[in-house]
Structure formats: structure tokens, C-alpha cells
Amino acid sequence: MPWRHMFKLDPERTISDEALDKICMSGTDAILVGGSTGVTFDNTVDLLSRIRQYEVPCVLEVSDEEAAVPGFDHYLIPMVLNTKNSDWLIGHQQRAVREFGSMLPWEMVSSEGYIVLNADATVAKLTEALTELEASDVIAYAQVADRLMRLPIVYVEYSGTFGDMDLVRQVRNKLHQAQLFYGGGITNLEQARQAAASADTIIVGNILYDNLEQALQTVEAVRVNNER
Ligand code: 1GP
């Protein structure tokens with residue numbers, strides 16, 4: 001996946017046509033559709049049909065098997081590596097495959113190994129993530145994903161707060177084949193630059209709803225990086 005910058009839109013949240021136009025025309029590499037709660041088939045279809053008016057690639061992160069909507073360019077299936085509850089590692093995924101496996105466009109599906117590190121985030125609470133981790137624990141989770149499970153993507157998730165970039169860099173240095181996604185608390189261009197220098201791909205979410213202009217500037221971070 002060659003993308004370096006993605007905006008993440010939550011189908012449960014309201015976004016105006018004007019804001020969506022700016023987001024889709026921003027130069028971001030792809031729009032990621034996903035959320036921890038309240039994602040339904042209907043609100044996902046609605047958001048997809050609006051994004052489809054633009055050329056930007058559109059990717060669905062399938063966090064609820066009920067909202068597996070056809071018509072996206074790619075599908076990402078999250079597996080939470082540092083959960084206490086194996087349902088979030090393999091349970092939901094097993095049920096989704098049982099239900100929809102025969103219909104899945106497998107060549108358009110990639111799995112993501114999430115390491116959820118902000119204890120206050122909805123995703124951490126929902127998935128019962130073990131967030132009190134040493135750097136060596138985090139790196140080991142990433143290596144399990146990369147070397148043992150051979151997942152194509154490791155996602156260091158600090159949703160809602162800007163994370164430890166030194167740790168993110170350490171993780172990337174240990175990855176053998178997986179692509180490193182970073183998301184969480186990117187609210188301006190400077191943070192986006194730091195994250196883009198530490199991970200392969202950065203994901204910008206919440207700030208789209210709080211300060212659209214600042215969010216749009218984050219796209220510059222990967223352009224500048226690419227030119228280096
Ligand atoms: C959330 O990693 C993404 O899944 C982005 O995080 O909403 O904090 O930008 P933010």
C-alpha cells in the first residue's frame with residue numbers, strides 16, 4: 001500500500017458537504033472510513049456514496065461485521081494485538097469470515113495488527129487493551145505481527161493523544177516486512193511531520209471535525225518528506 005497520508009472519517013459523525021469536498025480534494029492519499037462505535041451499514045453506505053463523487057481512493061476499516069459494505073477500493077481488518085479479550089484478536093474476524101467469507105474480495109483485504117496505547121481512548125476501553133507497556137513490550141507485539149503472523153500492517157494507535165514518536169521509530173526499525181501505520185492526536189503540520197518521519201503512513205482523524213483547516217495542512221507533511 002503506497003499511501004503515506006490518510007484521513008479517517010467516522011460514519012457516525014456529521015461532516016458537511018463543503019468540508020468533505022475539501023477533505024477529498026486535499027491531496028491525501030486515501031480516505032479511511034471507520035470508527036470504534038456506532039458504525040452501521042446505513043451510515044457507512046451514506047458516507048461511501050458521498051466520497052465516491054471524488055477520485056480519491058476509499059478504504060473501509062471493518063470494525064463491525066454488520067457494516068461490511070461493498071464498493072470500497074480496499075478493506076482493512078483490524079486485530080488488536082494487546083487486548084485481554086481474544087474476541088478482538090480473532091473472534092469478530094472469525095464470525096465475519098463465517099458470515100461473509102464466500103463473498104469477500106480477498107485480493108482487496110488486508111489485516112492490520114493494532115497496538116492500542118492510549119488508555120483513555122474509546123478503542124482501548126472497548127477492546128480491553130493492555131496499555132501499560134514497556135517499549136520492549138510494544139516492540140515485541142510488533143514483531144509478533146510482523147514476523148510470526150506476517151501481517152502486512154502494524155498500526156500503532158494513540159487515538160485522541162499524540163504518541164511517543166521515539167517509540168514509533170523504534171517499532172519501525174524492528175519491522176521486517178510490515179508497513180507501519182501511526183494514528184493519534186495529530187492536530188497540526190508539525191506533529192504530522194514528526195509522525196511522518198517516524199512511521200510509514202500517518203492517519204489523521206479527530207482534528208478534521210475540530211479544526212478542518214489545520215487538518216488539511218497535515219497533507220503537506222508527506223509531500224515535504226517525499227521531496228527529501
Ligand atoms: C484513530 O488513529 C486514528 O483511529 C486517528 O487518531 O482521531 O486522534 O487523529 P485521531
Side-chain angles (χ1 to χ4, degrees), residues 1 3-15 19-20 22-23 26 28-39 43-44 47 58-64 67 74-83 88 92 110-127 129 131 138 141-142 145 151 153-165 167-168 171-172 178-196 198-222:
M1 214 170 278
W3 303 322
R4 295 221 60 221
H5 180 286
M6 288 196 263
F7 281 129
K8 193 175 211 173
L9 288 174
D10 185 342
E12 200 194 10
R13 298 180 78 172
T14 305
I15 192 101
L20 192 66
K22 288 184 177 166
I23 292 165
S26 64
T28 186
D29 295 314
I31 307 290
L32 187 51
V33 172
S36 301
T37 55
V39 179
N43 61 23
T44 304
L47 187 55
C58 192
V59 178
L60 180 63
E61 190 167 55
V62 188
S63 50
D64 187 330
H74 202 85
Y75 294 86
L76 295 176
I77 312 292
M79 310 168 95
V80 179
L81 303 173
N82 60 324
T83 176
W88 295 104
H92 288 272
S110 304
S111 41
E112 309 167 288
Y114 262 73
I115 308 171
V116 178
L117 294 174
N118 175 15
D120 295 329
T122 307
V123 62
K125 292 177 183 153
L126 183 72
T127 65
T131 55
V138 175
Y141 275 122
L151 301 183
I153 297 160
V154 170
Y155 192 138
V156 173
E157 170 69 291
Y158 276 92
S159 182
T161 191
F162 193 63
D164 176 348
M165 289 304 118
L167 175 59
V168 175
V171 168
R172 187 175 60 180
Q179 184 169 349
L180 182 59
F181 282 17
Y182 170 80
I186 297 174
T187 58
N188 57 48
L189 177 57
E190 178 49 33
Q191 286 173 329
R193 281 194 176 128
Q194 290 174 29
S198 308
D200 299 314
T201 303
I202 61 170
I203 292 99
V204 177
N206 265 310
I207 193 70
L208 286 167
Y209 300 93
D210 298 339
N211 186 332
L212 180 61
E213 290 312 316
Q214 257 176 240
L216 295 171
Q217 287 169 16
T218 64
V219 176
E220 281 298 315
V222 300

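Just follow the structure's listing: the first ligand is 1, and inside any ligand the first atom is 1.
- Under the side-chain contact (heavy atoms from CB on, under 4.5 Å) criterion, Ser159 pairs with Ala121, Val123, Glu157, not counting sequence neighbours.
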Distances under 3.5 Å, N/O of ligand 1 against N/O of the protein: list each pair and its distance.
unit_1, atom_1, unit_2, atom_2, d
ligand 1, 2 (O), Tyr155, OH, 2.7
ligand 1, 2 (O), Glu157, OE1, 2.7
ligand 1, 2 (O), Glu157, OE2, 3.4
ligand 1, 4 (O), Lys8, NZ, 2.6
ligand 1, 4 (O), Glu157, OE2, 2.5
ligand 1, 6 (O), Gly184, N, 3.3
ligand 1, 7 (O), Asn206, N, 2.8
ligand 1, 7 (O), Asn206, ND2, 3.1
ligand 1, 8 (O), Gly160, N, 2.8
ligand 1, 8 (O), Gly185, N, 2.8
ligand 1, 9 (O), Gly205, N, 2.9
ligand 1, 9 (O), Asn206, N, 3.4

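- A distance of 9.0 Å separates CG of Asp164 from CG of Leu117, quoted to the nearest 0.5 Å.
- Looking at residues two or more places apart in sequence or on another chain, you find no salt bridge (charged side-chain N to carboxylate O under 4.0 Å, His left out) involving Asp29.
- Checked by atom type and distance alone, the side chain of Thr83 pairs as donor or acceptor with a backbone atom of Thr127 at under 3.5 Å.
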Show the atom names and distances, to 0.1 Å, of all donor-acceptor pairs under 3.5 Å that link a side chain in residues 180-192 to residues at least two apart or in another chain.
unit_1, atom_1, unit_2, atom_2, d
Tyr182, OH, Gly163, N, 2.8
Tyr182, OH, Gly184, O, 2.6
Thr187, OG1, Gln191, OE1, 2.6
Asn188, OD1, Glu190, N, 3.1
Asn188, OD1, Gln191, N, 2.8
Glu190, OE2, Gln194, NE2, 3.2
Gln191, OE1, Thr187, N, 2.8

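- No salt bridge links Arg193 with Glu220; every basic N to acidic carboxylate O contact stays at or beyond 4.0 Å.
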